J.: 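Here you go, one structure.
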Number of protein chains: 2
Amino acid sequence: MKKVSDSTVTRLSLYLRILNELNEQGLSTVSSEELARRGGTTAAQVRKDLSFFGTFGKRGLGYAVPDLLERLRAILGLGRHWRVALVGAGKIGSALFGYQDFRRQGFHIVAVFDADERKVGQWWNGLQVLPVEDLEDVLRAEGIEIVIVAVPAEAAQGVVDRVVAAGVRGILNFAPTKLDVPPEVTLKSVNMTVELEGLSYALSNGERSGGKRRGTRADRS
Amino acid sequence: MKKVSDSTVTRLSLYLRILNELNEQGLSTVSSEELARRGGTTAAQVRKDLSFFGTFGKRGLGYAVPDLLERLRAILGLGRHWRVALVGAGKIGSALFGYQDFRRQGFHIVAVFDADERKVGQWWNGLQVLPVEDLEDVLRAEGIEIVIVAVPAEAAQGVVDRVVAAGVRGILNFAPTKLDVPPEVTLKSVNMTVELEGLSYALSNGERSGGKRRGTRADRS
DNA sequence: TGTTGTGAAGGCGTTCACAGCC
DNA sequence: GGCTGTGAACGCCTTCACAACA
C-alpha cells in the first residue's frame, strides 16, 4: 500500500459515517458527488481518496453503499474489536468512558487506571479502577492495543513512556502537551484549548469559517 | 493582515503554551531552534509563522520570552475574557465545564443549556442549567460570543442553526457530525472517534507515528 | 448518458539557504 | 559570530479535465 495522507484517512472515517447513515436509510448506491456534498468536500476528492485503495465504484452508476461500507471498514481496520485502556479517571476520562460512539465502532475500554487512591477501587460500569502502578502488568496481561491518556499535562509523558515500554503501539492523548514517542508508535492528540484559541483568533481577526478537517486532530510525533 | 494558514494559527497556540512554561521558569530569551525543539517543529517553521505577524526577534539573540508571549496573546485575541455558553449538560458537557484550561486562557462558561428536563435546574458550580428553549434569549442577553456544542449528533445542526441565528459567530462542536454554518461564522469540530479510527488504520497497516497537528482539528465549514 | 478513475495542473504549506542585523 | 527574516525551491495535497466504460 502506497503512502496515504493523513487527511485522506480522516476523510475515510467521514465517508464511513455517512455510508452508515445512507445504509440505514436503505439507499443502495451513492455517487461521489452526493458523498462529497454530505461530507463537505468535493467529488474529485472523494474519488481520489478511494482510488488509493482500489476501484470500488461502477462508472455511470456510483458506489454500492453496503459494499463500500464494508470496504472502508476493512481499510480502517474496523472489522474487529480493539482492546483499549483508559489512563486517568477524572472528568474527561469519565466522559470518554461513557462515550457510546467508541464502543459502537469496536473500541472496547477494558481497563481504567488512576493515580489517585480515592479513585482506585471505584466500580465503573462493572470495571474496577486500577492503580496506575499496575499499568504495565495489566496492559500486557489484558492484551491492550490502544491506550487513551486523560491525565494532567505534567503526568502525560511519564504515562506515555510506560505505555510504550509495555508494548502498546497506539495512543490517543487528551493532555494539552507535546509528547514524544518512538517512530513505531502512533500518537494522536486531541487538544481542545488549541481549538478554542483558533476560534479566538478567527473572531478577533474577522476570519471566515473553520479550519481543515472535522474531528480532532493528530499529533506530530 | 494577510492570509494565515490554519496550521500556523494552531502552532501559535503551541508556541504560546511553551512560552508560558519558559516564562514561569524565568527564561528571558529563546531561539527559534529551541522553540521548535520543544514544539516538535522546525526552526524555519517557527520563524516563518511569526513573520506573518511582525518581526519580534533580535538577530543574533533570539526572542524575548515575555515580549513574544504578550505578542502571541494579542495575535490570538487572548488579552481579554470570552463569554462562552455550553449546550449539552451530559457527560462530555460536564467534563468540558470542569476543564480548567479553558478558564485559564480566558474562556468563561457563563451559561449551560440542556434539553432534558431532569438536567434543567441543576446547579453547576453556581450556574443553573437552563432549558434549551431559552437559548436565543440568553445568548443575546448574556452577550455570548462562543458556543460549545456537546449534544447528540442528531440534535447538533438544529442547535447550531439557532445559535447562528442568535448572532454567535464562533462555535466549537463536539458532536460527531458534519455541520453547516454560514461563512461569517467560524466552526471548529473535535471528533474523537475519527482520531481513534486513524489509530486503527495506522495499527492495521503498520504505519508510522501520528498525523499532522497536535490537538483537535478544525472543521471545514 | 452518467459517473468513475486518474494523469496533469495548480495551489499551498514547508523547507532551504542566505542576506541582513544585533 | 550568531540568529533572525524571507524569497525561492520544493513537495504534497487538491482540483481539473477527460478518457474509459457500465
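These numbers come from a predicted model, not from an experiment. Note on naming: letters A, B, ... go to the chains in the order of the sequence lines (proteins, then strands), and numbering restarts at 1 for each one.
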J.: Starting at CG of B:Asp49 and ending at P of C:dT14, how long is that distance when rounded to a whole Å?
T.: 7 Å
J.: Between the base of D:dG2 and the side chain of B:Lys58, is there any donor-acceptor pair under 3.5 Å?
T.: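 Absent.
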J.: Let me know the distance between CG of A:Leu35 and C1' of C:dT4, rounded to the nearest Å.
T.: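 Whole-Å distance recorded here is 13 Å.
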J.: Using the six-membered ring wherever Trp is involved, compare the ring planes of B:Phe53 and A:Tyr201 and label them parallel, tilted or perpendicular (cut-offs 30° and 60°).
T.: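 Rings of B:Phe53 and A:Tyr201: perpendicular, as their planes differ by over 60°.
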J.: Whether A:Arg47 contacts C:dG5 is assessed here as follows: a side-chain N or O lying under 4.0 Å from the phosphate OP1 or OP2. Is that the case?
T.: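 False: A:Arg47 side-chain N/O out of range (4.0 Å or more) of C:dG5 OP1/OP2.
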J.: Calculate the interatomic distance between A:Lys48 atom NZ and C:dG7 atom P; express it in whole Å.
T.: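 Answer to the nearest Å: 7 Å.
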J.: Does the C:dG13 base have a donor-acceptor partner in the side chain of B:Lys3 within less than 3.5 Å?
T.: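 In this structure, the two groups form no donor-acceptor pair.
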J.: Under a 3.5 Å cutoff, is there a donor and acceptor pairing between the side chains of B:Thr10 and B:Ser7?
T.: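 On atom types as modelled, these side chains do not qualify, holding no pair under 3.5 Å.
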J.: With a 4.0 Å limit, can you tell me whether B:Gln45 has a side-chain N or O closer than that to the phosphate oxygens OP1/OP2 of C:dG13?
T.: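 No, B:Gln45 has no side-chain N/O under 4.0 Å of OP1/OP2 on C:dG13.
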J.: Whole angstrom is fine here: how far is it from CZ in A:Phe53 over to C1' in C:dT4?
T.: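 Computing the A:Phe53:CZ to C:dT4:C1' distance gives 17 Å.
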J.: Using whole Å, what does the distance between atom C1' of nucleotide D:dG7 and atom CZ of B:Phe52 come to?
T.: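 To the nearest whole Å, that distance equals 12 Å.
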J.: B:Asn20 and B:Glu24: side-chain donor and acceptor closer than 3.5 Å?
T.: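 No pair is found: no donor N or O on one side chain lies under 3.5 Å from an acceptor on the other.
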J.: Between the side-chain atoms of B:Arg59 and the base atoms of D:dG2, is any donor-acceptor pair under 3.5 Å?
T.: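 Side chain to base: no pair present.
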J.: Looking at A:Tyr63, does any N or O in its side chain come under 4.0 Å of the phosphate oxygens OP1/OP2 on C:dG2?
T.: no
J.: Map A:Gly60 and A:Ala44 onto DNA chain D by nearest heavy atom, then report which one ends up closer to the 5' terminus.
T.: A:Ala44
J.: Counting only side-chain heavy atoms from C-beta out, which of D:dT15, C:dT14, D:dA20 sits nearest to B:Arg11?
T.: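 So the nucleotide nearest the side chain must be C:dT14.
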J.: According to a strict under-4.0 Å criterion, is B:Ser32 in side-chain N/O contact with OP1 or OP2 of D:dT4?
T.: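 For D:dT4, OP1/OP2 do have a side-chain N/O of B:Ser32 under 4.0 Å.
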J.: To the nearest Å, how far apart are A:Phe56 CZ and C:dG5 P?
T.: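 After rounding, the reported distance stands at 9 Å.
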J.: Could you walk me through whether B:Gln105 and B:Asp101 pass the side chain to side chain donor-acceptor pair (under 3.5 Å) check?
T.: CA-CA 6 Å; B:Gln105 294 303 323; B:Asp101 257 36; 5.8 Å; no
J.: When you measure from the side-chain N and O atoms of B:Thr42 to the phosphate of C:dT15, is any distance below 4.0 Å, counting only OP1 and OP2?
T.: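 For C:dT15, OP1 or OP2 has a side-chain N or O of B:Thr42 closer than 4.0 Å.
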J.: Measure the distance from CG on B:Asp6 to P on D:dC13 and round it to the nearest whole Å.
T.: 17 Å
J.: So A:Ser204 and B:Leu76, side-chain contact (heavy atoms from CB on, under 4.5 Å) or not? Walk me through it.
T.: CA-CA 7 Å; A:Ser204 303; B:Leu76 290 172; over 6 Å; no
J.: D:dT14, OP1 or OP2 - any side-chain N/O from A:Ser7 closer than 4.0 Å?
T.: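 So the side-chain polar atoms of A:Ser7 do come within 4.0 Å of the phosphate oxygens OP1 or OP2 of D:dT14, strictly under.
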